[in-house]
Amino acid sequence: MGLTYVSTRDKNNKATASEAILQGLAADGGLYVPEYIPKYANSWRSLCRKSYQEIAYEIMSLFLTDFSEEELKSCINRAYDSKFDDPSIAPVRKADSSFYIELFHGRTIAFKDMALSILPHLMTASARKNNVSNDIVILTATSGDTGKAALEGFAGVEQTRIVVFYPKNGVSAIQEKQMLTQKGDNTLVVGIHGNFDEAQTGVKKIFSDTALKEKMDKAGFSFSSANSINIGRLVPQIVYYVASYVRLLESEEIIDGELINVTVPTGNFGNILAAYYAKQMGLPIDKLICASNENKVLFDFFSTGIYNKNRKFVLTSSPSMDILVSSNLERLIYKIAGEDDTMDRDLMNKLVNEGEYEITTNMRSKLSDFYGNYASEEETLNTINRIFESDNYVLDPHTAVAACVYDKYRKETGDTKKTLIASTASPYKFTRSVMKAINRDDPSKSDIELTDTLYEVTGVDIPPAIQEIKEAPIRHDTQCDVEAMKSVVEDFLGI
């Protein structure tokens, strides 16, 4: 019997893996979750000496059960190929007594490549499997990294269009230029006059617009999502936690079955949720350390049991985490509510209508796997400086948030278990912040020009993605107010 997916807001809304991937968001506004988390039956040591692609198949085949072996292996092999500049795809480096999973060796030098390199292939395979004749319209909001990774993944893919909305003044200069120089006649990038949460809410409203769906269907289009709400994004992320554990086994840093901790810089909660699912599969993870920046809505949630988005939105040096509504947290809420879809729906409605909700004492008792804390802007920059000076290892601001929070956890608890830290972006994506942190900033130079200085100072190779955008022309200049997002989509599709 294949693994079925259900909506967090209505368990009677069921889908196969391929159907869930195509829909992205469930029709009732909920997120698709597997009816159960499959266990990995063999020892983790049995995966030693296997390639990343082979490990990916072993894990993903347990979740995507309506894909044939040939279909899934084809998607995996086309995704994880020479577009990654390290043959191990997600190498593990040791620095500052921790192990960093470098998730930024893909085409857009951020961890979103790990899932968005395969999602287009999963989606087109899903369309064939379900006899979908409409063109798929990918609609996504980005706080910086998802946008470029999605654009790169879907650009030029037949029978797809992609529209990316981003906060005009809420991403780094390099993140913005990566998106605005994107090639592909099927791509559109739109800067909105608002923040990421407003972009994400606008996208959800468009998805739930029944009249628009009917209008699009008549014109031969169907919506889907490349955001982390899509289960096709979440499942591939489980793989790199498994692969990293296996690499630690291979290097004899740990023994099979040894518990480790995992620290993740967290915004939309998808990346750390993937680690939680890996633990549910049986991967020997003890604590899941949830690291927030000054938009510390998740830290406050884990501390109080209250999720409250009614607060000042802070623009930080880690913009991909500048989020007040962590969409993927709903999947965890559903789980700790005992898979009670009515309770989940009520809580999510409270978040929309009142801006906050509070979970029960029983639900809080099921959060013991998690530890939450946050790093201030000053602490983030100091962490980049400290680890560069001590280990000659350069962190981007998001990874520095994680390293700082892990340091707080270790001092607070005395827990010295081996720890994996998700290194989510190349320092070259945030040159200004990194150069400020290591006291080498030059205000006379642009963020792009600073990439050469960063190389001179650190010796870290400049990624091809940075070289490409230095002279690339701007191809997208559309901007709009939040209220105009729907009409921009309609204009792009010509409907």
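Position 1 is the first residue of the sequence; numbering continues from there.
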key: Pair D369 + K279: basic N to acidic O under 4.0 Å   =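 Yes, this pair counts.
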Is a salt bridge present between R9 and D341, judged by a nitrogen-to-oxygen distance below 4.0 Å?
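Not counted as a salt bridge, because no side-chain N and carboxylate O are separated by less than 4.0 Å.
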inquiry  = Test side-chain contact (heavy atoms from CB on, under 4.5 Å) on M281 and I238; report intermediate values, then the result.
reply    = CA-CA 10 Å; M281 289 186 73; I238 299 169; 3.9 Å; yes
Does some side-chain heavy atom of [Y] sit less than 4.5 Å from a side-chain heavy atom of [X]?
| X | Y | value |
| --- | --- | --- |
| L122 | L64 | yes |
| Y245 | L249 | yes |
| I495 | F221 | yes |
| R107 | L116 | no |
| Y277 | L273 | yes |
| F63 | I37 | yes |
| D113 | F104 | no |
| L248 | L420 | yes |

Flag if over 12 foreign heavy atoms under 6.0 Å of CZ, F301: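 Counting neighbours around CZ of F301, more than 12 heavy atoms of other residues, nucleotides or ligands fall under 6.0 Å, so yes.
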- Message: Centre-to-centre under 6.0 Å for Y80 and F84, is that the case here?
- Response: yes
Does [X] use its side chain to pair, donor to acceptor, with the backbone of [Y] at less than 3.5 Å?
| X | Y | answer |
| --- | --- | --- |
| D145 | K112 | no |
| T8 | D344 | no |
| S292 | Y374 | no |
| D340 | M343 | yes |
| R364 | S303 | yes |
| T187 | I162 | no |
| T360 | M363 | yes |
| T380 | V401 | no |
| N295 | I323 | no |
| S318 | P397 | no |

How long is the span from the [atom1] atom in [X] to the [atom2] atom in [Y], to the nearest 0.5 Å?
| X | Y | atom1 | atom2 | result |
| --- | --- | --- | --- | --- |
| L288 | Y276 | CG | OH | 8.5 Å |
| Q200 | I192 | CD | CD1 | 10.5 Å |
| H398 | T266 | NE2 | OG1 | 11.0 Å |
| L212 | D217 | CG | CG | 11.0 Å |
| M123 | S126 | CE | OG | 7.5 Å |
| L119 | S225 | CG | OG | 8.5 Å |

Just checking, is any N or O donor in the side chain of [X] or [Y] under 3.5 Å from an acceptor N or O on the other one?
| X | Y | value |
| --- | --- | --- |
| T399 | Y100 | no |
| S18 | N130 | yes |
| T108 | Q178 | no |
| K148 | Q182 | yes |
| T316 | N293 | yes |
| N310 | E356 | no |
| Y240 | N271 | yes |
| N328 | R331 | yes |
| Y307 | E358 | no |
| N261 | D415 | yes |
| T16 | D66 | yes |
| K73 | Q53 | no |
| Y32 | N13 | yes |

[X] to [Y] - nearest heavy-atom pair and separation:
| X | Y | answer |
| --- | --- | --- |
| A150 | A226 | CB-CB, 4.0 Å |
| T142 | Y166 | CG2-CB, 3.5 Å |
| F67 | A125 | CE2-CB, 3.9 Å |
| F165 | C480 | CE2-SG, 4.5 Å |
| S224 | G24 | OG-N, 3.9 Å |
| K366 | G338 | NZ-N, 4.3 Å |

Can you list the steps and then say if K129 with E71 is a salt bridge (Lys or Arg N to Asp or Glu O under 4.0 Å)?
-> CA-CA 10 Å; K129 187 181 294 293; E71 286 171 331; 2.6 Å; yes
Can you say whether the rings of W44 and Y40 are parallel (under 30°), tilted (30 to 60°) or perpendicular (over 60°)?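 Because their plane-to-plane angle is under 30°, the rings of W44 and Y40 count as parallel.
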task: Please lay out, stage by stage, how E258 and K418 fare under the test salt bridge (Lys or Arg N to Asp or Glu O under 4.0 Å).
output: CA-CA 9 Å; E258 181 177 344; K418 306 275 176 45; 3.8 Å; yes
For [range], pull every pair meeting salt bridge (charged side-chain N to carboxylate O under 4.0 Å, His left out), keeping only residues two or more places apart or in separate chains.
| range | answer |
| --- | --- |
| residues 200-209 | D209-K486 |
| residues 12-34 | K14-E35 |
| residues 290-315 | K296-D300, D300-R311 |

F207 six-ring face occupied by K213 cation (under 6.0 Å, within 45°)
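No.
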